Structures are given as structure tokens and as C-alpha cells.
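Keep in mind that what you see is a predicted model, and the values were worked out from it rather than measured.
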Amino acid sequence: MNAMLHPGAYAKRSLLSRVQEDPNSPNIPPPTLPISAIYGDPNEDWMTSSHGKELIRLLGQRNGSIYTGFQEVPHAGHLITFDNPKGFVELLLVELKSGGLVLV
């Protein structure tokens, strides 16, 4: 884990930083791929959703008309599927019907 994370579980090279550094990097989803991000409730999740929102915004700019989406599962922390499985599945189905590949 210490190869990927700084103390306190902060990413050494987050996906957001990779997109900001090189929007055409092969290490990020290709511009032809619809993508969504699902985060826990900002009042209950230790991870900040602002990075996910910014990532989706940047991917949306890069991807043009390809679908990008962002959702927050209410009453769920970092372990969304354990904290609110019903809310997660409901949002997952919405995103899949919209054509998005989902990052959780």
C-alpha cells in the first residue's frame, strides 16, 4: 500500500492529478468511453467528493458529447455498498441506463 498511498491514505498519484497532467494518458479511461463516478454521502464519507466532481468535469470536457456522470449515495460512507446497498443499486442502475461506465 505504501507504493500507492502517503500516510493518512492520501494517493501519491490520484486519477485526477493524472488527468490534469496529461489528458491523453493511456492510464485514464479513453475519450470514447462513457464514465460515471459514484461517491458516498459527503457528510459521511472520509473521502472528499470534490476530486471526483472535478475528475468528471475534466473528463466531460475532454470527451465532448460522451456521457459523464457523478452521483453521491445518501447515507453512505466510503463503503457505499455496505452502508446503503439499496441506494447504491438505485444510482448504479440510473448510471448504467444512461450509458456510463461506473467508477466506485
Side-chain angles (χ1 to χ4, degrees):
M1 286 298 264
N2 66 354
M4 296 173 22
L5 299 174
H6 290 293
Y10 294 102
K12 289 185 177 180
R13 288 200 67 228
S14 69
L15 188 53
L16 176 58
S17 68
R18 294 175 198 188
V19 171
Q20 290 170 330
E21 290 168 11
D22 181 8
N24 299 312
S25 168
N27 296 320
I28 58 174
T32 57
L33 188 63
I35 191 165
S36 300
I38 297 179
Y39 276 71
D41 187 321
N43 296 318
E44 299 188 33
D45 194 346
W46 62 269
M47 287 185 63
T48 177
S49 60
S50 63
H51 288 142
K53 289 176 185 174
E54 179 65 7
L55 174 65
I56 291 300
R57 186 187 71 75
L58 291 172
L59 289 174
Q61 285 179 345
R62 184 189 74 157
N63 295 10
S65 63
I66 301 298
Y67 178 81
T68 56
F70 180 88
Q71 299 286 343
E72 292 174 340
V73 179
H75 312 294
H78 185 65
L79 300 173
I80 302 167
T81 56
F82 291 106
D83 295 338
N84 186 351
K86 184 177 182 222
F88 169 74
V89 170
E90 288 171 358
L91 288 178
L92 178 65
L93 292 174
V94 166
E95 291 301 309
L96 290 173
K97 288 177 184 175
S98 298
L101 169 72
V102 177
L103 298 175
V104 178

Q | Test applied, side-chain hydrogen bond (donor to acceptor under 3.5 Å, both in side chains); reference residue, Ser49; option that passes from Glu54, Glu72, Gln71 | A | Glu72
Closest heavy-atom contact between [X] and [Y]?
X     : Y     : value
Asp41 : His75 : OD2-N, 3.2 Å
Asn84 : Pro74 : ND2-O, 2.6 Å
Asp83 : His78 : OD2-N, 4.1 Å

Q | Partners meeting side-chain hydrogen bond (donor to acceptor under 3.5 Å, both in side chains) with Glu44 (sequence neighbours left out) | A | none
Q. Do Ile38 and Phe88 come close enough that some side-chain heavy atom pair is under 4.5 Å?
A. yes
Q: Using the rule that two of Ile, Leu, Val, Met, Phe, Trp, Tyr join whenever any of their side-chain heavy atoms come within less than 4.5 Å, decide whether Val94 and Phe70 are in one cluster.
A: no
Q: Report whether Val73 and Leu93 are members of the same hydrophobic cluster (ILVMFWY, side-chain heavy atoms less than 4.5 Å apart, transitive linking).
A: yes
To the nearest 0.5 Å, what is the distance between [atom1] on [X] and [atom2] on [Y]?
X     : Y     : atom1 : atom2 : result
Leu96 : Ser36 : CG    : OG    : 8.0 Å
Tyr39 : Leu91 : OH    : CG    : 14.5 Å
Lys53 : Thr48 : NZ    : OG1   : 8.0 Å

